[in-house]
2 protein chains.
Amino acid sequence: MAATDRKPKTLAHYPRPSVAVDTAVLTVADGQLCVGVLRDPRSARLRLPGTFLHEGETLADAVRRSLREKAGIEGVEPAQLHVFDAPGRDSRGWVLSVAHVAVVPATGLRELQPRAVTEAMGLDFDHDEIVRLAVSLLRADYAEHPDPARLLPEPFTVTALREVHDAVAGERLLPDSFRRRMLPMLRRTGELQRGGVGKPAALYRRTTTS
Amino acid sequence: MAATDRKPKTLAHYPRPSVAVDTAVLTVADGQLCVGVLRDPRSARLRLPGTFLHEGETLADAVRRSLREKAGIEGVEPAQLHVFDAPGRDSRGWVLSVAHVAVVPATGLRELQPRAVTEAMGLDFDHDEIVRLAVSLLRADYAEHPDPARLLPEPFTVTALREVHDAVAGERLLPDSFRRRMLPMLRRTGELQRGGVGKPAALYRRTTTS
DNA sequence: AGAATAGTGTCTGTGAGACAGTATGGT
DNA sequence: ACCATACTGTCTCACAGACACTATTCT
């Protein structure tokens, strides 16, 4: 935007930090909210996937590159959480870490190991805190909207939707209230879920105004 | 935390970005939510106060330093908002900007010029967006708790509290609902506000569990 | 027919919006 | 006495929790 600016030298006068991205990759598997971790080959401790920011790269691109290279994960849309800036948090030097969260479908963790987020995670660095932030952001999203991260393929039944929300919330939601709160944000397809026991359930899609 | 790590050279191999902090300093003056701006001496455009992060300094310390040096503001507790990372957003080079928000009492803007946030701000860089984020965070806070930023000196009347909340929300809140929602989070001092017209109002303090 | 799941109707409690009415000071 | 402001009581409406009841399929 600014046009009349010319003193590129001043920037180089400051020492600059390395900037890393670390990402909590969340998913729902077996009715449990899980985060993908990997074992650091050097320290042998569990941690979240991350990388250093390259020149000319956005933070979101760095996240996508780290997930592609370290876990074979493609096509995520990361969201920023927080910058961790404590001096001395990384023994290798001055490093700022920008924590991110990404959500993938159940089979999408690839080479990451799933860990249920209910456990005390025991991850390296401040990665436990990153998981906490990621989970609370996701829960706030799911409290308001039907499956905003699109974990569930459309069309789906209200029960299937509630089971995903149960897993994210970490508790059983009340079926009646859940249905009443979600129905205004869903659109009936007219089709029914066939093949199960009991009355067949109506199938829905998310309304575009999610 | 990690102990057995020795390869300090690898960090230096990457080009590193300059990291800046930019801060929306919010306050309430004349019943209006205002943000403190200053005129950039070089570009002559309005912008938020900011600075580059120094080595060994936390982001919060950089924010405090920038506010002290550029505006004479002391003793704020900044909160992080977002990292702006678009390559080319700063013509001087590769700069990440970590947006912050800080709240000061009515007289606390010092050398910054107050601008009501209802206006289309027209600030430099992405500073309009920073103000938007700062305001929505503050509004979310005030919707839940009585004057969480402690703009109002204790003790105060419910009416004075509501006027601050009115200013933050940018609209007149309903006196009845506001009183009923806030009273459980307030503690009566027993004193009364004397000297005004009409029935004297009870004085309250925030409960410690804010 | 009976089991199982989907979906509806309704009662109750809570809290917001609305507004009338009461209390208590100043002038 | 009157006015201005603080505060209370209450009606209505909307929505969550709870739960009984109906609907529709499979076995």
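To find a chain, count down the sequence lines: A is the first, B the second, and so on, and within it residues start at 1.
In this entry the distance linking CD of B/Gln193 with C1' of C/dT24 reads 15 Å, nearest Å. To the nearest angstrom, C1' of D/dG17 lies 13 Å from CG of A/Leu173. Note: CZ (B/Arg172) to P (C/dG17) measures 15 Å, nearest angstrom. Atom-to-atom, CG of B/Leu161 to C1' of D/dC7 comes out at 16 Å; the value is rounded to the nearest Å. Taking atom CZ on B/Phe156 and atom C1' on D/dA6, their separation rounds to 16 Å, with Å as the unit. The distance between atom CG of A/Leu203 and atom P of C/dA6, rounded to the nearest whole Å, is 11 Å. Counting to the nearest Å, the C1' atom of C/dG7 and the CZ atom of A/Phe178 are 15 Å from each other.
Of the residues A/Arg47, A/Arg42, A/Arg45, the one that meets the salt bridge (charged side-chain N to carboxylate O under 4.0 Å, His left out) test with A/Asp124 is A/Arg45. Of the candidates B/Thr157, B/Leu161, B/Val28, B/Leu152 forms a side chain to side chain contact (heavy atoms under 4.5 Å, CB included) with just one, namely B/Leu161.
Among the atoms of the strands shown, only primed sugar atoms or phosphate atoms (P, OP1, OP2) are found under 4.0 Å from some heavy atom of A/Thr159.
In the set D/dT10, D/dT8, D/dA16, D/dT10 carries the atom at the smallest distance from any side-chain atom of B/Arg180.
In this structure B/Arg39 satisfies the side-chain hydrogen bond (donor to acceptor under 3.5 Å, both in side chains) test with no other residue, sequence neighbours excluded.
Less than 6.0 angstrom separates the ring centroid of B/Phe84 from the ring centroid of B/His82.
Nearest heavy atom pair, residue B/Ile73 against residue B/Leu109, reads CD1-O, 3.7 Å.
Between B/Arg181 and A/Arg188, the residue anchored closer to the 5' end of DNA chain C is A/Arg188, taking for each the nucleotide with the nearest heavy atom. Across the interface with DNA chain D, nearest-nucleotide mapping of A/Leu174 and B/Thr157 shows B/Thr157 to be the residue nearer the 5′ end.
There is a side-chain donor-acceptor pair under 3.5 Å between B/Thr51 and B/Arg65.
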I'd like a list of close polar pairs between nucleotides 24-26 of chain D and the protein, N/O only, cut-off under 3.5 Å.
from	atom 1	to	atom 2	distance (Å)
D/dT24	O2	A/Lys199	N	3.2

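Under the 4.0 Å criterion applied to side-chain N and carboxylate O atoms, B/Arg162 and B/Asp166 are assigned as salt-bridge partners.
Note on A/Arg179: every side-chain N or O is 4.0 Å or more away from OP1 and OP2 of C/dA6.
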